[in-house]
Amino acid sequence: MESSFNVADLVDYVDLDKQSLLISAGSIIFNPLFWNIVARQEYHNQVLTRLFGGKRHAACYALAATIFSLGLLRDWLYKVALSEQPSHPLLTTPHSQAAGYALLVVGNILVVSSTWRLGITGTFLGDYFGILMDEMVTGFPFNVTSAPMYWGSTMNFLGTALVFGKPAGVALTLGVLVVYVIALRFEDPFTAGIYAKREREREAAKSGKKQK
């Protein structure tokens, strides 16, 4: 029996004429670009800390609220885009639905547990404000992946696409994956550099004390 499925078939079910699809894609790209630019400006020029009268914790919480709100908006735009897209029969099977719900469960576990372990400032770029954690978190979920927030979020996007049976959601999830992989290539080395700098300063302080 000839297979009724191929990648081109899925692509044919993506309605590129829907403006909501482009808006959702734009939001997916914008969010990590926004928080990386703002966080770098804060690290180098203390833009937000100055705006909040030198209160870096308040500035960090304000950025956290902004990033969280933009995330809610992005998720809403994603669901609006999916609601205007056709479903593919292959993605509405019991197996596909089960896979979708499984991805949502695992994805949310990764996102929620990583936020719990890191706290608000640890999750929302507190290290760019000079609010550093005492030591690196190595327990779950960071013993599973070094970026549980990003991978969990990607799973949530894909899980939602499968639950609703939308090929457009799968396509947008690929966009999410690409954007997050690029973001990590910039964020991971920069964050590592921040903590490496702190260790150098600690070692220098210890050496100074020994000399005294």
Side-chain angles (χ1 to χ4, degrees), residues 7-8 10-11 14 16 20-44 63-64 66-79 81-82 85 91 96 99-100 102-118 121-128 133 136-164 166-196:
V7 174
L10 275 183
V11 173
V14 179
L16 298 175
S20 59
L21 185 68
L22 297 177
I23 293 175
S24 178
S27 177
I28 287 169
I29 295 171
F30 172 79
N31 282 17
L33 185 64
F34 165 79
W35 71 60
N36 271 286
I37 290 175
V38 172
R40 294 287 181 108
Q41 284 299 311
E42 170 60 29
Y43 180 77
H44 292 295
L63 179 60
T66 303
I67 293 173
F68 184 76
S69 299
L70 286 173
L72 292 178
L73 176 61
R74 176 203 59 191
D75 294 347
W76 178 75
L77 291 172
Y78 177 68
K79 290 183 179 179
L82 294 193
Q85 292 288 323
L91 300 185
S96 178
L103 283 167
L104 286 172
V105 169
V106 175
N108 277 295
I109 288 174
L110 289 176
V111 170
V112 173
S113 60
S114 62
T115 303
W116 177 263
R117 294 299 299 267
L118 295 176
T121 56
T123 300
F124 294 100
L125 306 169
D127 37 18
Y128 289 75
M133 302 191 72
M136 183 179 296
V137 178
T138 57
F140 183 84
F142 293 92
N143 57 356
V144 176
T145 171
S146 62
M149 182 71 71
Y150 281 171
W151 295 120
S153 179
T154 303
M155 289 180 180
N156 287 338
F157 274 98
L158 182 57
T160 302
L162 295 180
V163 167
F164 287 100
K166 308 289 187 175
V170 177
L172 287 172
T173 301
L174 289 175
V176 170
L177 178 61
V178 170
V179 167
Y180 282 168
V181 168
I182 293 174
L184 286 171
R185 292 180 68 88
F186 285 94
E187 291 177 19
D188 282 351
F190 197 83
T191 302
I194 292 174
Y195 280 89

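Residue indices begin at 1 and follow the sequence shown.
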Could you tell me how the ring of Tyr43 sits relative to the ring of Phe190: parallel (under 30°), tilted (30 to 60°) or perpendicular (over 60°)?
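Because their plane-to-plane angle is over 60°, the rings of Tyr43 and Phe190 count as perpendicular.
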More than 12 heavy atoms of other residues, nucleotides or ligands under 6.0 Å from OH of Tyr195: yes or no?
yes
[X] and [Y]: which non-hydrogen atoms are nearest, and at how many Å?
X      : Y      : result
Val179 : Pro32  : CG1-CG, 3.0 Å
Val111 : Gly152 : CG2-C, 3.8 Å
Pro141 : Arg117 : CD-CG, 4.2 Å
Gly159 : Leu103 : CA-CB, 3.9 Å

How about Asn143 and Thr138: do any of their side-chain heavy atoms sit closer than 4.5 Å?
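The answer is no, as the side chains (C-beta and beyond) never meet within the 4.5 Å cut-off.
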Would a 4.5 Å heavy-atom cut-off, applied to side chains only, mark Phe142 and Leu118 as touching?
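Yes, side chains in contact.
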Can you list everything that forms a side chain to side chain contact (heavy atoms under 4.5 Å, CB included) with [X]? Sequence neighbours excluded, please.
X      : result
Leu33  : Ile37
Arg74  : Ser27, Ile28, Asn31, Ser153, Phe157, Tyr180
Asn108 : Leu104, Asn156

Hey, could you give me the [atom1]/[atom2] distance between [X] and [Y], rounded to the nearest 0.5 Å?
X      : Y      : atom1 : atom2 : value
Leu110 : Met155 : CG    : CE    : 5.5 Å
Arg40  : Leu125 : CZ    : CG    : 10.5 Å
Leu177 : Ile182 : CG    : CD1   : 10.0 Å
Tyr78  : Leu73  : OH    : CG    : 15.0 Å
Leu72  : Ile67  : CG    : CD1   : 12.5 Å
Thr123 : Phe68  : OG1   : CZ    : 11.5 Å

Run the side chain to side chain contact (heavy atoms under 4.5 Å, CB included) check on Thr191 and Tyr128 step by step: do they pass?
CA-CA 8 Å; Thr191 302; Tyr128 289 75; 3.9 Å; yes
Partner residues of [X] under the ring pair (Phe, Tyr, Trp, His ring centres under 6.0 Å) criterion, sequence neighbours left out:
X      : answer
Phe30  : Phe34
Phe124 : none
Phe164 : none

Is there a side chain to side chain contact (heavy atoms under 4.5 Å, CB included) between Lys166 and Leu91 once you walk through the steps?
CA-CA 7 Å; Lys166 308 289 187 175; Leu91 300 185; 5.9 Å; no
Does the pair Leu21 and Val14 meet the rule for a side chain to side chain contact (heavy atoms under 4.5 Å, CB included), with working shown?
CA-CA 9 Å; Leu21 185 68; Val14 179; 3.9 Å; yes
